[in-house]
**Student:** 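Here it is, the structure in full.
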Amino acid sequence: MNLLPLLVLLALCWPAHSTCGGTCALRPMASHYGMSRVVGGTDAQPATWPLWIIGIQHPWKTGTGHLCGGSLISPQWVLTAAHLFTEVWHITMWRVVIGATRLPQLGPEAQVRNIKRLLVHEHYSNITQRNDIALLELDRPVQCSYSIQLACVPDASLRVSELTTCYASGWGSTTARSGGSTDVLQEAKVRLIDVNLCNSSGWYRGAIHTHNLRAGYAQGGIDTCQGDGGGPLVCKDNDADYFCLVGVTSWGKGCARARRPGVYASAQHFYDWIMAQMGLRPAVTATPTPQPGFTSSPFQRPRPIPTQSGTFTPCPFPLQRLVQFFKLLQELLQFLRGTKA
């Protein structure tokens, strides 16, 4: 057995500078993946997902204050949608809830932060919803745990269009009439839909941008809705139990309608912009030009965005992955000794 390709693959997935120990994109903690709907479905089980999904709460909104969602991509950064912040006052008073399933009962594993800074894409248009992406810098870092992990933003090496197992989640409306929101996290299994089909007559008639992903079903029935905006669209790697954050919930025509799937901003497309805003790469002067999901690479695992080093509390690295790595390394060394002999 030639283990060298496998070890090369592990090296590609091993973050070079992440202070969260490489825990982004890990598989769900439950033994099966949820099948419930965001619209018209049942509650997500508390331990189904490592909670990189976050809830953004408005200080003057009634009830739990839930307004929209986002994804934790670094201990101090949240990726979300720009359209949620067209009219914002006192952003530092807004709350971000991490590690919660039931909003009225956060539980001991949940953490709450305030927003230090809002960064909206400089070319966002509230008319066409182009470049519907934004970042929130938290007032202090989140401490990762077994239940709180980072979402992994893929770079151009991942072929997003080939991924077949995808999920959307959020606390938004659970009915197609898009009224109110739910207190319990909902999840939905969805399928990516070809852009040419979505832009065809009878669907969205050319309204989908090249940096958008489309997910849902032609017949409708399962979809994100009001209150789910900014939340994650994640897809499982075809060859392993790794998930990557491929989309940010952006817009749609109604909720769960036939031939009107949810539209998402491609996180992969804005990878360079995200890195630049977080101070991890020189600023780019234009929106990245590669089309999301159609680049070629022999390796299809997402490479995690490295977090800022030296300022965050390290998060525990999964022991089983460490044991597996050294076991594979030992087998490789034994193999090489046998070859030389």
**Student:** Of all heavy-atom pairs between Trp94 and Pro59, which one has the smallest distance, and what is that distance?
**Tutor:**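 Shortest heavy-atom separation between Trp94 and Pro59 comes out as CD1-CD, 3.3 Å.
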**Student:** Could you tell me if the side chain of Gln268 sits less than 4.5 Å from the side chain of Pro154, heavy atoms only?
**Tutor:** yes
**Student:** Test of understanding: clusters of I, L, V, M, F, W, Y form through side-chain heavy atoms closer than 4.5 Å, transitively. Do Val195 and Ile133 belong to the same one?
**Tutor:** no
**Student:** Supply the atom-to-atom distance Ile208 CD1 to Cys198 SG, rounded to the nearest 0.5 angstrom.
**Tutor:** 5.5 Å
**Student:** Restricting to non-hydrogen atoms, name the atom on Val190 and the atom on Ala215 that form the minimum distance, rounded to 0.1 Å.
**Tutor:** CG2-CB, 3.8 Å
**Student:** Would you name the heavy atoms of Leu106 and Ala100 that are closest together and state the gap between them?
**Tutor:** CD2-CB, 3.8 Å
**Student:** Under 3.5 Å, is there a donor-acceptor pair between the side chain of Arg95 and the main chain of Met93?
**Tutor:**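 No, because the side chain of Arg95 does not come within donor-acceptor range (under 3.5 Å) of the backbone of Met93.
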**Student:** Would you give the length of the straight line joining atom CG of Leu185 to atom CG of Asp228, rounded to the nearest 0.5 angstrom?
**Tutor:**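 Going from CG on Leu185 over to CG on Asp228, the span is 9.0 Å.
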**Student:** Are Leu67 and Phe85 close enough, and set up right, to give a side chain to side chain contact (heavy atoms under 4.5 Å, CB included), and what steps lead you there?
**Tutor:** CA-CA 11 Å; Leu67 180 68; Phe85 305 97; 5.7 Å; no
**Student:** With clusters defined by side-chain heavy atoms of hydrophobic residues (ILVMFWY) lying less than 4.5 Å apart, directly or transitively, does Leu245 cluster with Trp251?
**Tutor:**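 Different hydrophobic clusters.
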**Student:** Can a donor-acceptor pair be found, under 3.5 Å and without considering hydrogens, that links the side chain of Ser266 to the backbone of Leu213?
**Tutor:**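 Not a single qualifying donor-acceptor pair exists.
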**Student:** Side-chain heavy atoms nearer than 4.5 Å, only ILVMFWY residues, links allowed to pass through others: does that put Val142 and Ile91 together?
**Tutor:** yes
**Student:** Taking it one step at a time, do Tyr264 and Asn212 satisfy side chain to side chain contact (heavy atoms under 4.5 Å, CB included)?
**Tutor:** CA-CA 5 Å; Tyr264 301 79; Asn212 287 141; over 6 Å; no
**Student:** Less than 4.5 Å apart, any side-chain heavy atom of Val184 and any of Gln186?
**Tutor:**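 Yes, side chains in contact.
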**Student:** Which atom pair, heavy atoms only, marks the closest approach of Asp155 to Ser157?
**Tutor:**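 What the structure gives for the nearest pair is OD1-OG, 2.6 Å.
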**Student:** Working to the nearest 0.5 angstrom, can you tell me the gap between Asp223 CG and Ser173 OG?
**Tutor:** 10.5 Å
**Student:** With the threshold set at 4.0 Å, does a side-chain nitrogen-carboxylate oxygen contact exist between Asp183 and Arg102?
**Tutor:** no
**Student:** With sequence neighbours left out, which residue pairs that include part of residues 103-120 fulfil the side-chain hydrogen bond (donor to acceptor under 3.5 Å, both in side chains) condition?
**Tutor:** Gln111-Arg113, Arg117-Glu137
**Student:** Just to verify, what does Cys68 make a side chain to side chain contact (heavy atoms under 4.5 Å, CB included) with, not counting sequence neighbours?
**Tutor:**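 With sequence neighbours excluded, Cys68 shows a side chain to side chain contact (heavy atoms under 4.5 Å, CB included) to Ile56, Leu84, given in chain and number order.
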**Student:** Could you tell me whether the side chain of Trp52 and the main chain of Ile98 form a donor-acceptor pair under 3.5 Å?
**Tutor:** no
**Student:** Check the angle between the aromatic planes of His211 and His209 and answer parallel, tilted or perpendicular using the 30° and 60° thresholds.
**Tutor:**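 The arrangement is parallel - the two ring planes meet at less than 30°.
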**Student:** Could you grab the distance from atom CG of Asp237 to atom CG of Leu158, nearest 0.5 Å is fine?
**Tutor:**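 Atom-to-atom, Asp237:CG and Leu158:CG are 7.0 Å apart.
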**Student:** Quick one: list whatever passes salt bridge (charged side-chain N to carboxylate O under 4.0 Å, His left out) with Arg191, sequence neighbours left out.
**Tutor:**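 None.
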**Student:** To the nearest 0.5 Å, how far apart are CD1 in Ile193 and OH in Tyr217?
**Tutor:** 9.0 Å
**Student:** So do Leu150 and Cys144 actually touch side chain to side chain, heavy atoms under 4.5 Å?
**Tutor:**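 Counting from C-beta outward, Cys144 and Leu150 do come under 4.5 Å.
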**Student:** Aromatic rings Phe270 and His121: how do their planes relate, parallel, tilted or perpendicular, breaks at 30° and 60°?
**Tutor:** perpendicular
**Student:** Are any non-hydrogen side-chain atoms of Leu103 and Gln57 less than 4.5 angstrom apart?
**Tutor:** yes
**Student:** Just so I know, are the side chains of Pro232 and Leu79 near enough to count as touching, which here means a heavy-atom distance under 4.5 Å?
**Tutor:**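 When only atoms from C-beta onward are counted, Leu79 and Pro232 do not touch, as no gap falls below 4.5 Å.
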**Student:** Determine the minimum heavy-atom distance between Ile53 and Ser169, stating which atoms define it.
**Tutor:**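 Looks like CD1-OG, 3.5 Å.
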**Student:** Would you please test Cys166 and Cys235 for disulfide (SG to SG under 2.5 Å) and show each step?
**Tutor:** CA-CA 4 Å; Cys166 302; Cys235 291; 2.0 Å; yes
**Student:** What side-chain hydrogen bond (donor to acceptor under 3.5 Å, both in side chains) pairs are there with at least one residue in residues 78-90, not counting sequence neighbours?
**Tutor:**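 Sorted result for residues 78-90: His83-Asp132.
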**Student:** So do Leu118 and Val120 actually touch side chain to side chain, heavy atoms under 4.5 Å?
**Tutor:** yes
**Student:** Throw together a table of side-chain donor-acceptor distances under 3.5 angstrom for residues 255-263, partners on residues two or more places apart or in other chains.
**Tutor:**
unit_1: Arg259; atom_1: NE; unit_2: Gly202; atom_2: O; d: 3.3
unit_1: Arg260; atom_1: NH1; unit_2: Gly202; atom_2: O; d: 2.8
unit_1: Arg260; atom_1: NH1; unit_2: Trp203; atom_2: O; d: 3.0

**Student:** Once side chain to side chain contact (heavy atoms under 4.5 Å, CB included) is applied, do any residues pair with Thr164, and if so which ones, sequence neighbours excluded?
**Tutor:**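 So Thr164 forms a side chain to side chain contact (heavy atoms under 4.5 Å, CB included) with Asn238.
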**Student:** From Leu135 CG over to Ile115 CD1, what is the distance, rounded to the nearest 0.5 angstrom?
**Tutor:**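 Separation between the atoms: 11.5 Å.
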**Student:** Give a yes or no answer on whether the side chain of Gln129 reaches the backbone of Ser250 with a donor-acceptor pair at less than 3.5 Å.
**Tutor:**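 Side chain of Gln129 to backbone of Ser250, a donor-acceptor pair under 3.5 Å: no, none is there.
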**Student:** Answer with yes or no whether the hydrophobic clustering places Tyr204 together with Leu192; edges join I, L, V, M, F, W, Y residues whose side-chain heavy atoms lie under 4.5 Å apart.
**Tutor:**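 No: no chain of side-chain contacts under 4.5 Å links Tyr204 to Leu192.
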**Student:** Assess the residue pair Trp273 and Glu122 against the criterion (side chain to side chain donor-acceptor pair (under 3.5 Å)); give the C-alpha distance rounded to whole Å, side-chain angles, the decisive distance to 0.1 Å, and a yes or no.
**Tutor:** CA-CA 10 Å; Trp273 181 86; Glu122 59 273 17; 3.0 Å; yes
**Student:** Considering only heavy atoms from C-beta outward, does the side chain of Tyr167 approach that of Leu233 to under 4.5 Å?
**Tutor:** no
**Student:** So, does Lys236 use its side chain to make a donor-acceptor pair with the main chain of Thr165 at under 3.5 Å?
**Tutor:**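 Not at all, since once roles are kept as given, no pair shorter than 3.5 Å links the two residues.
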**Student:** Identify whether Leu138 and Val97 are in the same connected component of the hydrophobic contact network (ILVMFWY, side-chain heavy atoms under 4.5 Å).
**Tutor:**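 No, Leu138 does not connect to Val97 through the hydrophobic network.
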**Student:** Taking the side chain as C-beta and beyond, is there a heavy-atom pair between Ile73 and Ile274 under 4.5 Å?
**Tutor:**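 Ile73 vs Ile274: side chains touch.
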**Student:** What are the two closest non-hydrogen atoms of Pro141 and Gln76, and how far apart are they?
**Tutor:**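 Pro141 and Gln76 have their closest heavy atoms at CG-OE1, 3.6 Å.
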